[in-house]
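By convention in this document, chain letters (A, B, ...) are assigned in the order of the sequence lines, proteins followed by strands, and residues within each chain are numbered from 1.
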Amino acid sequence: MSTEINAPDDVVIGIDLGTTNSLAAVMTPDGPRVLMGADASPLIPSVVSFLDNGEQIVGRPARAMAVSNPRRTVHSAKRLMGRGLEDLGDETDKLAYRIVDGGSSKLVRVAIDERTYTPQEISAIILGEVRRVAEAALGHAVQKAVITVPAYFDDAQRQATRDAAQIAGLTALRIVNEPTAAALAYGLDTSREGTVVVYDLGGGTFDVSVLKITQGVYKVVATAGDTHLGGDDFDNAIMARIMDLVQERTGTDLTAQPEALQQIRLSAEALKQELSDKTEVKLEIDLGADEPALFTLTRTEFEDLIRADLERTIACCRSALADAGVQNDAIDEVVFVGGSTRIPLVRQLVKDALGREPHTELDPDRVVALGAAIQADVLAGGTKDLLLLDVIPLSLGIETMGGAFSKLITRNSTVPCQAEELFSTSVDNQTGIDINVYQGERELVADCRQLGAFKLTGFPAMPANLPKVAVTFLVDADGVLTVTAREQRSGVEASIDVVPSHGLTRDEVRGIVRESIVHAHQDFAARELVELRNKADALVRGTRRVLDLPELPVPEATRAELEADLVALQALAAGDDLPALKAACQSFGDKTQTLADDYIGAAIKVELNRHASETKS
Amino acid sequence: MKDHGAESGLSPCAECGQDPGSSLACLACGVLREEPAGSNVFTRFGLTPTPRVDVDAIELHYLRLSRLLHPDFQAGKPPAVQDLAVSGSALLNEAYTTLLDDQRRLEAALALLDPDALERNKTLSPAFLMESMESSEEIEDARASGDDEALKHLAAGMRAVIDARLASAADHLTGDGDPDAVATLLHETRVFRRMLRDTGP
């Protein structure tokens, strides 16, 4: 194998897999750069639309399908990652596409016609498009990536993101927290030192992280957030107002009309964005037979709609600062990330609460991807003087007697981190122990989120209380938990069967990957058929041209044989028999090759003669 | 036990023969290793068990070891080395938080001196229980009346009491102090620390 100078195998890109938009960036000698799509924009709307013919389209064209193809156009899939129906509540009412219960796992699925898709699969389709855009921009294949997630994503949501990458055929070298990535992007520009608060309000999630930066070490000291609070909620609030107005005027409930819902969603989003610059916006709503309704919204009214949500973000900031043991006057910088930080009220509330004017020098839509590219470069062995120390956002523990939650790893512990716990049996000859793992901050497991059920088996039968199974809970640098166990008396490595509560088992992920490879084969076969048909067409046309040249006396026998072959080839090209068409193209090509060899000289002469006579005349 | 942890007496690095500076990896040659039996939070920082630490030295050592052990810096290595980086970093982080937390550091030092001491001295004296009950009631009252100033004052007092007891425990450990006395002090500070948390928001 030859060694390539650019070794594209080693290139690691940074991907911001966002609720609204996704994009990729890569490290260059001049610093991190976002990768542009064919439309000269790096932003790929995180939207997938499934067409009638089974085709999937992604990004801007998919977003354009939202109104005409509402039930099959999926947006904001990130909000579904690692979630169950019970987590989503009435949010599903405002979605034009259908969400169904996942069956064995509590994980929700998106129903498109007869098929259902996990949020991981939808995200994988988006990641595939990001990768395609990146490959086109870089001019070579991309295998490895750093993918960002909200800092407040729990284990299930992080694992879901890793699974999405695997389904997309990407190696996710690291899952990085979005606010941390943003801090990296800012830090590289100015070599900032001190205490930095990153306020990240995106399309679907809110994060706040407090970092201490010294000599290239980015240490997250505390993080807090809400994985269900963002621009989508502000859109929903405006949508509700518009829907109320329509109901008032016409008595129509639009909840059951997906086309109208999508149209209103797009309008609501546009109004929200306009209100960042204007103090009042208007929308004319076509009510069909009735007079159009005029919807007006002032900035003040909009601010009242979102104020409660924004107050929640401020409460998160205070709690993160308290956890970090940082007083307001010790904050050196406040950094803004995420499209929703363009809302003037956000800026004002944050400034009032933290006493610092937030930094907005870097485009809030791009800063996370830029930071991910920096981290990607660290992992690729490029940047060496940067050290990122991140934390686990939520405490992790197990269920103990009476449904109590026993914390083994507390929130804001630096990752990687681990805890060991000893378990025993309660009856004689018991050879299995069930462990339920939860994540959260409350005292009872009922108020925390179950990550999964672990079953320890495979250790020898012993009297009750005698086995000592040491279980190690290890949280890696991605913030994802793995559990290992060993029975200490027998030394037997206990085996663990993990059933994620809101996720996919390893087997399920492998199944989806296999299936997508099968699909990829079908896709490949379809493409090959198209290419062969084109080739057959070209052969037919080329041969006819040669045969029809008056100057070339092709023997009648040869001509008749070739004519028969041509008819057969055309018949095959009209059908679907790929191997037969392939064989026919091959043999016809070989046969005409001789013809071509025989006549090519003559043909060139003829062409030249004709050319000469043309120029003469 | 020496006051500030002395050089560890870690065995020389198997690869380069130098003092590795940690039971998790060799700072001299950069090799990561499976932690030998008998390692503890102190050996990970190249120290012998000690009741008091030099915070700046710990911070510095932590960063040097992190730059070696953190999985980010072992990304291109074979899977076995990457696994060592994850578990090694986890053990380093555990040691770091333990050493910088007076209570946890003293408990770790005591456990190495006398593993059963804490378990043996669980029963707290009636005098201490009286003292802590009074403090607890004061906090309860201040909380009930929403008197933040009083709460702050109580918290400061509580911190002083904890610090004094921890200093006394450290002194006992530095000298030839009796493990039972140290264990008792540490149980008492545990109670006070819980109460201190209750004074918070």
Do other residues, nucleotides or ligands put more than 12 heavy atoms under 6.0 Å from the CZ atom of A/R442?
-> no

Regarding [X] and [Y], does a basic nitrogen lie under 4.0 Å from an acidic carboxylate oxygen?
X      : Y      : value
B/E15  : B/R33  : no
B/R193 : B/E107 : no
B/R52  : B/D171 : yes

Please confirm whether the backbone N or O of [Y] pairs with a side-chain atom of [X], one donor and one acceptor, at under 3.5 Å?
X      : Y      : result
B/T50  : B/V53  : no
B/T174 : B/A170 : yes
A/D323 : A/A222 : no

Do [X] and [Y] have side chains that approach each other closer than 4.5 Å (heavy atoms only, starting at C-beta)?
X      : Y      : value
A/V208 : A/P179 : no
A/L444 : A/F405 : no
A/V26  : A/V11  : yes

Check whether A/Q215 gets within reach of chain B through its side chain, its backbone, both or neither, counting any heavy atom under 4.5 Å.
->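 The answer is the backbone of A/Q215.
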
Would you mind checking which part of A/L173 comes under 4.5 Å of any heavy atom in chain B, side chain (CB onward), backbone (N, CA, C, O), both or neither?
->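 Neither the backbone nor the side chain of A/L173 comes within 4.5 Å of chain B.
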
Per-residue contacts, residues 62-76 of chain B versus chain A, heavy atoms under 4.5 Å |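 So far as heavy atoms go, B/Y62, B/L63, B/S66, B/R67, B/H70, B/P71, B/D72, B/F73, B/A75 are the residues that approach chain A to under 4.5 Å.
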
Residue by residue, which of residues 93-106 of chain B have a heavy atom closer than 4.5 Å to a heavy atom belonging to chain A?
->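 Hits under 4.5 Å: B/N93, B/Y96.
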
Max heavy-atom pairs within cutoff under 4.5 Å with chain B, candidates A/Q375, A/R174, A/Q418, goes to A/R174

Going by distance alone, is a donor N or O of one side chain under 3.5 Å from an acceptor N or O of the other, for A/E441 and A/S395?
-> yes

